[in-house]
Undergrad: 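The structure is given below, and queries will be raised subsequently.
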Amino acid sequence: GGSDACPHGHKNTIFVCKSKTLGVSVSKHFDDLVCVLGDERSSDASNASAEVFAHGGDLARPLFVSTSELYVLLDHTLASTGRARSFFSTSAEAAAFVRDLSGTGDLLASFDCDEDGPQESGSGGSSSATTAPVASSKGDVQRRLLTYERFRQFVEKSTRFTRELRKVGEMTVYREIFSYIKGSAEAMETDSGFLSEDQYVNMAHKVSSLPEELRPLVYALFVEYKSKRRELFDLSDLIFHLIRAKRNGKLAGTRIDRFVVDEVQDLMLAEVKLLLELSSDKNGLFLCGDTAQTISRGVGFRFADVKTLFH
């Protein structure tokens with residue numbers, strides 16, 4: 001498969017993981033190795049690779065990024081080409097997202113995202129009914145990523161967080177909403193970016209172990225969240241936005257031939273689906289992880305579910 005995707009033999013490779021610290025460490029080890037082999041080391045090689053990637057050029061070295069940085073870079077290409085509306089309205093909003101998800105935004109410091117608000121595509125742009133709300137001017141309130149802590153604050157005030165749901169716990173409910181209702185591969189195939197109540201209630205028990213009688217209660221809480229989240233967005237919103245842009249031919253940029261994904265157990269299945277769709281060579285996606293070492297809250301990861309993406 002690789003020879004068709006890379007007719008000139010050049011392989012654009014991206015190493016991606018949830019943790020920024022891990023990505024920096026792997027990048028340093030890579031630089032040490034190529035230095036031993038006689039290649040000159042560049043102090044800002046990572047930043048240079050990110051610049052090249054954002055402008056659609058071939059990478060001279062692998063790009064080492066956290067998932068949050070990769071998503072912001074992809075969104076940046078939407079803003080820079082004007083092909084579609086970018087998800088983030090300002091660079092400050094994008095930087096806050098990276099900090100919330102990965103702890104730092106250093107790699108993206110040199111990028112000046114569209115500060116004047118998102119650009120609309122000339123034709124056929126996604127409607128507000130099928131994408132997450134995007135601020136339209138500088139005067140709008142900056143949206144924040146829905147972290148687990150912010151989710152807890154939401155449910156504490158919700159009458160939909162019933163006694164039955166309190167028994168199973170906030171973490172379980174958080175996982176049900178953001179790994180299955182919104183973060184599943186099936187959710188990415190819908191027009192809305194989330195499962196219908198029937199789809200969720202009838203989800204196989206091998207995927208969600210929550211009893212069927214509790215699922216309508218979880219879905220009612222999700223509906224309330226969806227109606228009251230004006231100043232919040234969640235990771236699934238961004239992933240759905242990028243997948244739709246890719247499928248509509250509006251996500252231009254560097255051809256990605258190889259993805260090396262570490263700690264994959266910390267990703268939602270929707271994120272893995274996005275990486276698969278971004279890869280020009282479906283045999284060039286290398287995933288590694290250990291489900292016993294999951295650190296991301298609310299992620300219901302199973303390697304068996306990943307296998308279904310390749311069939």
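Each residue takes its place number in the sequence, starting with 1.
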Undergrad: Arg247: which residues meet the salt bridge (Lys or Arg N to Asp or Glu O under 4.0 Å) condition with it, sequence neighbours left out?
TA: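 Partners of Arg247 under the salt bridge (Lys or Arg N to Asp or Glu O under 4.0 Å) test: Glu189, Glu277.
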Undergrad: Less than 4.0 Å between a side-chain N and a carboxylate O, is that true for Arg144 and Asp234?
TA: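 No, Asp234 and Arg144 are not salt-bridged.
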Undergrad: Report the C-alpha separation of Leu269 and Ser184 in whole Å, then their side-chain angles, then the decisive distance to 0.1 Å, and conclude whether the side chain to side chain contact (heavy atoms under 4.5 Å, CB included) test is met.
TA: CA-CA 5 Å; Leu269 198 60; Ser184 61; 5.6 Å; no
Undergrad: Ignoring hydrogens and angles, tell me if any N or O in the side chain of Glu93 forms a donor-acceptor pair with the backbone of Gln142 under 3.5 Å.
TA: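 Such a contact is absent between Glu93 side chain and Gln142 backbone.
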Undergrad: What pair of heavy atoms forms the shortest contact from Gln265 to Asp290, and how long is it?
TA: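 Taking every non-hydrogen atom into account, OE1-N, 2.9 Å.
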Undergrad: Any idea which heavy atoms bring Thr13 and Leu59 closest together, and the distance?
TA: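 Shortest heavy-atom separation between Thr13 and Leu59 comes out as O-CD1, 3.7 Å.
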Undergrad: Does a donor on one side chain and an acceptor on the other come within less than 3.5 Å for Glu69 and Ser66?
TA: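 Their side chains do contain a donor-acceptor pair, which is all the 3.5 Å distance test asks for.
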Undergrad: Is any side-chain heavy atom of Phe87 closer than 4.5 Å to one of Phe233?
TA: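 SC-SC contact between Phe233 and Phe87 confirmed.
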Undergrad: Are Phe97 and Phe88 near enough that their ring centres are under 6.0 Å apart?
TA: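 Yes, the ring of Phe97 comes within the 6.0 Å limit of the ring of Phe88, centre to centre.
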Undergrad: Checking the side chain of Thr77 only, and the main-chain atoms of Leu74 only, is there a donor and an acceptor separated by less than 3.5 Å?
TA: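 Flag set: sc Thr77 to bb Leu74 pair under 3.5 Å.
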Undergrad: Assess whether salt bridge (Lys or Arg N to Asp or Glu O under 4.0 Å) is satisfied between Arg150 and Asp100, documenting all intermediate values.
TA: CA-CA 11 Å; Arg150 289 169 185 154; Asp100 279 340; 3.1 Å; yes
Undergrad: Answer yes or no: is there a donor N or O on one side and an acceptor on the other, between the side chain of Lys18 and the main chain of Asp266, under 3.5 Å?
TA: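 Checked: pair present.
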Undergrad: How long is the straight-line distance from OH of Tyr174 back to CG of Leu146, given to the nearest 0.5 Å?
TA: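 So the CG of Leu146 and the OH of Tyr174 are separated by 5.5 Å.
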Undergrad: Would you call the rings of Phe30 and Phe64 parallel, tilted or perpendicular, taking 30° and 60° as the class edges?
TA: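 Answer is tilted, since the angle falls between 30° and 60°.
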Undergrad: Could you check whether Ser280 and Asp257, counting side-chain N and O atoms only, form a donor-acceptor pair closer than 3.5 Å?
TA: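 A pair is found: one side chain offers a donor N or O, the other an acceptor, under 3.5 Å apart.
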Undergrad: I'd like to know if the side chain of Asn248 reaches the main chain of Arg244, judged simply by a donor and an acceptor atom lying under 3.5 Å from each other, with no hydrogens or angles considered.
TA: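 Here the side-chain-to-backbone pair exists.
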Undergrad: Could you tell me the separation between the CD1 atom of Ile256 and the CG atom of Leu70, rounded to the nearest 0.5 Å?
TA: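 Interatomic distance, Ile256 CD1 to Leu70 CG, rounded to 0.5 Å: 6.5 Å.
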Undergrad: Between CG of Leu242 and NZ of Lys246, what distance do you get to the nearest 0.5 Å?
TA: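 It is 11.0 Å, given to the nearest 0.5 Å.
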Undergrad: Quick one: which of Phe178, Tyr180, Phe222 gives a ring pair (Phe, Tyr, Trp, His ring centres under 6.0 Å) with Phe194?
TA: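 That would be Phe222; it is the only one of Phe178, Tyr180, Phe222 passing the ring pair (Phe, Tyr, Trp, His ring centres under 6.0 Å) with Phe194.
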Undergrad: Report the residues that fulfil salt bridge (Lys or Arg N to Asp or Glu O under 4.0 Å) with Glu170, sequence neighbours left out, ordered by chain and then residue number.
TA: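 Listed in chain order: Arg152.
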Undergrad: With rounding to the nearest 0.5 Å, note down the distance linking CZ in Arg215 to CG in Leu195.
TA: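 Arg215 CZ to Leu195 CG: 10.5 Å, rounded to 0.5 Å.
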Undergrad: Quick one: closest heavy-atom pair of Arg61 and Ser49, and the distance?
TA: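 That would be CG-OG, 3.2 Å.
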Undergrad: Would you find a donor on one side and an acceptor on the other, under 3.5 Å apart, between the side chain of Asp75 and the backbone of Tyr71?
TA: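 Answer holds: no.
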Undergrad: Going by side chain to side chain donor-acceptor pair (under 3.5 Å), name the residues that satisfy it together with Tyr200, two or more places apart in sequence or in a different chain.
TA: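 Side chain to side chain donor-acceptor pair (under 3.5 Å) check on Tyr200 returns Glu176.
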Undergrad: Under 4.5 Å between side-chain heavy atoms, counting indirect links through other Ile/Leu/Val/Met/Phe/Trp/Tyr residues: same cluster for Leu217 and Val201 or not?
TA: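 No, Leu217 and Val201 fall in different hydrophobic clusters.
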Undergrad: Can you name the one residue among Lys228, Gln153, Glu224 that meets side chain to side chain donor-acceptor pair (under 3.5 Å) with Ser158?
TA: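 Testing Ser158 for a side chain to side chain donor-acceptor pair (under 3.5 Å) against Lys228, Gln153, Glu224 leaves exactly one candidate, Glu224.
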Undergrad: Indicate yes or no: at least one non-hydrogen side-chain atom of Arg229 is less than 4.5 angstrom from one of Arg143.
TA: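 When only atoms from C-beta onward are counted, Arg143 and Arg229 do not touch, as no gap falls below 4.5 Å.
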Undergrad: Could you check whether any side-chain heavy atom of Phe151 comes within less than 4.5 Å of a side-chain heavy atom of Val173, counting everything from C-beta outward?
TA: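 Yes - at least one pair of side-chain heavy atoms lies under 4.5 Å apart.
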Undergrad: Is the shortest heavy-atom distance from the side chain of Leu210 to the side chain of Met203 under 4.5 Å?
TA: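 In short, these two side chains do not touch, never coming nearer than 4.5 Å.
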Undergrad: Taking all atoms of both residues into account, what is the closest heavy-atom pair of Thr254 and Val52, and its distance?
TA: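 Taking every non-hydrogen atom into account, OG1-O, 3.7 Å.
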Undergrad: Are the ring centres of Phe161 and Phe154 closer than 6.0 Å?
TA: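 That pair fails the under 6.0 Å test.
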Undergrad: Please walk me through it: do Arg258 and Leu285 pass side chain to side chain contact (heavy atoms under 4.5 Å, CB included)?
TA: CA-CA 6 Å; Arg258 299 287 184 267; Leu285 191 64; over 6 Å; no
Undergrad: Rounded to the nearest 0.5 Å, what's the gap from NZ on Lys182 to OG1 on Thr190? Could you check?
TA: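 That separation rounds to 10.0 Å.
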Undergrad: Using a 6.0 Å distance limit plus a 45 degree cone around the ring axis, check whether Arg160 lies over the aromatic ring of Tyr225.
TA: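 No.
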Undergrad: Assess whether side chain to side chain contact (heavy atoms under 4.5 Å, CB included) is satisfied between Ile14 and Phe53, documenting all intermediate values.
TA: CA-CA 10 Å; Ile14 296 182; Phe53 176 80; 3.7 Å; yes
Undergrad: Decide side chain to side chain contact (heavy atoms under 4.5 Å, CB included) for Val16 and Val260; before the verdict, give the C-alpha distance in whole Å, the side-chain angles of both, and the deciding distance to 0.1 Å.
TA: CA-CA 6 Å; Val16 63; Val260 179; over 6 Å; no
Undergrad: Taking the side chain from Ser279 and the backbone from Leu275, do they hold a donor-acceptor pair closer than 3.5 Å?
TA: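 Pair absent, no side-chain N/O of Ser279 close to backbone of Leu275.
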Undergrad: Can you list the residues that meet the side chain to side chain donor-acceptor pair (under 3.5 Å) rule with Tyr219, with sequence neighbours excluded?
TA: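 Once residues adjacent in sequence are excluded, Tyr219 has no partner under the side chain to side chain donor-acceptor pair (under 3.5 Å) criterion.
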Undergrad: Got a second to check how far Ser236's OG is from Met188's CE, nearest 0.5 Å?
TA: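 So the OG of Ser236 and the CE of Met188 are separated by 5.5 Å.
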Undergrad: With Glu149, which residues qualify under salt bridge (Lys or Arg N to Asp or Glu O under 4.0 Å), at least two apart?
TA: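 With neighbours one apart ignored, the set is Arg297.
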Undergrad: Between Ala187 and Ile181, what is the shortest heavy-atom contact and its length?
TA: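 Residues Ala187 and Ile181, closest heavy atoms: CB-O, 3.5 Å.
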Undergrad: Write down the atom of Cys288, the atom of Asp262, and the distance for their closest heavy-atom approach.
TA: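 Minimum heavy-atom separation between Cys288 and Asp262: SG-OD1, 3.3 Å.
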Undergrad: Could I get the full list of side chain to side chain donor-acceptor pair (under 3.5 Å) partners for Glu197, not counting sequence neighbours?
TA: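 Result, side chain to side chain donor-acceptor pair (under 3.5 Å) vs Glu197: none returned.
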Undergrad: As a test of understanding, state which of Leu232, Val98, Leu101 forms a side chain to side chain contact (heavy atoms under 4.5 Å, CB included) with Leu145.
TA: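 Testing each of Leu232, Val98, Leu101 against Leu145, the sole residue satisfying side chain to side chain contact (heavy atoms under 4.5 Å, CB included) is Leu101.
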